[in-house]
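Convention: sequence-line order gives letters A, B, ...; per-chain numbering from 1. It should be emphasised that the depicted structure is a prediction, and the values quoted were computed from it without experimental measurement.
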There are 2 protein chains.
Amino acid sequence: MQRQVTLAEVAREAGVSPSTVSRILTGSARVRSDKEIQVRQAIEKLSYRPNTFARGLVTGSSGSVGVLTQDIASPFYNDALSGIERGLLGSGYMPLFASGHWRQGDEEHVVQLLLRRRVDALIVLGGCLPDQELLQLATQLPVAVQGRALDLSAHGGTSIALNNREAARELVLYLLERGHRAIGHIMGRADHGDAQARLAGYKDALQEKDIPFVPSLVVQGDFLEPSGLIGMQQLLAAHPEMTAVFCSNDQMAYGARLALYRRGIRVPEDLSLVGFDDLPGSAYTTPPLTSVRQPMEELGFWLARFVLSRLTGGELEAFVPQLELKLRESVGFLRRS
Amino acid sequence: MQRQVTLAEVAREAGVSPSTVSRILTGSARVRSDKEIQVRQAIEKLSYRPNTFARGLVTGSSGSVGVLTQDIASPFYNDALSGIERGLLGSGYMPLFASGHWRQGDEEHVVQLLLRRRVDALIVLGGCLPDQELLQLATQLPVAVQGRALDLSAHGGTSIALNNREAARELVLYLLERGHRAIGHIMGRADHGDAQARLAGYKDALQEKDIPFVPSLVVQGDFLEPSGLIGMQQLLAAHPEMTAVFCSNDQMAYGARLALYRRGIRVPEDLSLVGFDDLPGSAYTTPPLTSVRQPMEELGFWLARFVLSRLTGGELEAFVPQLELKLRESVGFLRRS
DNA sequence: CTGTTAGCGCTTTCAC
DNA sequence: GTGAAAGCGCTAACAG
């Protein structure tokens, strides 16, 4: 639109050389205080704004961290985005968010866009990029990945996966302890590692208590509400004896909850229901939903700090994510029959 | 980390001059096809990625659109972010998201950060920046604002506010038509234009039906779930005769719903409940919540297209947002007593 | 402490 | 059609 004020103009206005202005801006060397005052006044007067890119061109740093998320409107990943934002706050780095929509092609495309913008580091949240590509990226810049088991440490990167399997196991054990035996499972997207891990945890728990695994008690969903509703209908039709259902995430649990409401089946009196992810809304469903909280905000914060430490050479202690069972009111005791 | 491949290296590899490579990349002039092939091979071989900033420095465009949102994890604004992302897709522009957290200071700060990054245009979602500042910004670059009544057209900007007042009026009229007379209202943040507009719509509807406005039927909330829960408790205590409650947004309606659940008050048999915003989860509450859908995704899309049209000189038809009453099951008929 | 000089990687005249 | 040269706005040696 309108030509922007340049550092040279500030220098002229203040009667000093461009380098002096630059020194004041970057704090790279001491400057006589009277000149500094003049310069600051000139900056104010012209309302000068340094051009980040021009600076980046010479320093070799764009001051931005690329963040590949899957869906900018996903309630799950957005917690991590908040954490990343907080982690980068005051560091001089800005996050550059882009969505991959769980499509490998999209993800590769946006990673290219981020690299063209010379992001100084990359944070990857979920997605289906091959491990190989991530490894390759890690050779080029600091990379921090969430959601897969992958060793990036050789290249100075990191990958952190929450132990979904273990948490799912605990959750199902909790149901078993309360007397439930016929426990349905609505699974998430089959191609999704978290869905697989949660199913594995479900099986672990059954095995631990010597309950035979019944394949028809598991129905396929896609992590979205409608699939939870349909999944619950299927389970109800096939297994009237069922007393509890474990949904692979909260969104499907919401759908399942509605299916029950429609049929007048009470939660938890008639059927117990548990989810996974502990979305913000889950504490306010009726009844509040028992779920597993994943510390995504903290994780995002830590991922940001991790790449920052790679960038600035600082130290950083390891992050030990604590998955936490949120025991609420959607699970009831089953009287021994 | 690792030095990046430059255009000059590509030129050398292909045995042509840098300008030729540039011409091929930008398509600014015809080039003999054999050279083009050589260059493309060199690009492939070196896996060259053009430096967006270096280009921007000379073209005077960063290829990015700044987006000031309030909370990167807000379910409400995120729909708009999705729309913006979609609107920018394939345009060569990338969104640069930053959060203002409803704090004027934060908002001003991030706007500065965006301007330093030489965003080519700015989209502002909500927030509490003074109109004056927005006007000032609009003189510098294309600006598109959501959530306030403000005329930016003199500077080629735009501002679009959904008619919350009218929608709230219709929603409350709907309750009145179903026989409700004692209707509570849990208000959103008092300093928030939308909250004020929705309260005004509530009053409009009452007046239209000659129902006196009872101040104590309105309690203060802050748009978050806990305030809905508390607000409902207050209303219940003060107005046992109340048969319906209008919450200024869905999140507060969720909180209110839980307060009712705790007391065994049935929805909609004993009390009707309506919200505003139609969050994704609202179709899956029990019962599904009657609310007002705001076309945020479409709005975001249009805002993106608007700034794009300013940037590229294209034409764009006006956006006529349709607020839509989502009539679901949380409202019941009141028998005439 | 401060000014001069030389680029960072790219596009864009301007000649040929 | 194509190359040489001149910057875009800034920082980082290099001298003083």
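- Within the nucleic acid shown, B:T26 comes within 4.0 Å of sugar-phosphate atoms alone, with no base atom in reach, counting heavy atoms only.
- Across all strands shown, B:S22 has heavy atoms under 4.0 Å from base atoms, whether or not it also approaches the sugar-phosphate.
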Anything under 3.5 Å between a protein N or O and an N or O of nucleotides 5-9 of chain D, put it in a table, one pair a line.
residue: D:dG9; atom: N2; partner: A:A54; partner atom: O; Å: 3.2

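- A cation-pi arrangement is present between B:R86 and B:F301, with the terminal nitrogen or guanidinium carbon under 6.0 Å from the aromatic centre and inside a 45° cone about the axis.
- Checking side-chain atoms of B:W302 against main-chain N and O of B:E317 turns up a donor-acceptor pair under 3.5 Å.
- For the helix from C:dC1-D:dG16 to C:dC16-D:dG1, the terminal axes (five pairs an end, C1' atoms, rotation from four pairs onto the next four) enclose an angle of 40°, given to 10 degrees.
- For B:Y77, there are no ring-ring contact (aromatic ring centres under 6.0 Å, His included) partners two or more places apart in sequence or in a different chain.
- Between the side chain of A:S309 and the backbone N or O of A:F306 there is at least one donor-acceptor pair closer than 3.5 Å.
- If you check residues 36-47 of chain A against DNA chain C, you find no residue with a heavy atom closer than 4.0 Å.
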Show the numbers, then the answer: is there a side-chain hydrogen bond (donor to acceptor under 3.5 Å, both in side chains) between B:Q4 and B:N51? CA-CA 9 Å; B:Q4 297 274 355; B:N51 184 327; over 6 Å; no

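- For the pair A:S22 (side chain) and A:P18 (backbone), a donor-acceptor distance under 3.5 Å is absent.
- Listed by chain and residue number, nothing satisfies the salt bridge (charged side-chain N to carboxylate O under 4.0 Å, His left out) test with B:D151 (two or more places apart in sequence, or in another chain).
- A donor-acceptor pair is defined here as one N or O able to donate and one able to accept, closer than 3.5 Å; such a pair exists between the side chain of B:R148 and the backbone of B:L129.
- The main-chain N or O of A:G156 is found under 3.5 Å from a side-chain atom of A:R310 such that the two form a donor-acceptor pair.
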Would B:Q104 and B:E108 count as a side-chain hydrogen bond (donor to acceptor under 3.5 Å, both in side chains) if you check the C-alpha gap in whole Å, the side-chain angles of each, and the deciding distance to 0.1 Å? CA-CA 6 Å; B:Q104 189 180 335; B:E108 283 165 353; 2.9 Å; yes

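- Of the possible polar contacts, none joining the A:H155 side chain to the A:G157 backbone as a donor-acceptor pair under 3.5 Å is found.
- The residues A:E36 and A:R40 are annotated as salt-bridged, a charged nitrogen and a carboxylate oxygen being separated by less than 4.0 angstrom.
- Read 5' to 3', the first and last nucleotides of DNA chain C with an atom closer than 4.0 Å to a heavy atom of chain A are C:dC1 to C:dG9.
- At distances below 3.5 Å, not a single donor-acceptor pair connects side-chain atoms of A:N78 with backbone N or O atoms of A:L81.
- Checking B:A29 against A:R23, the closest nucleotide of DNA chain D that is more toward the 5' end is the one next to B:A29.
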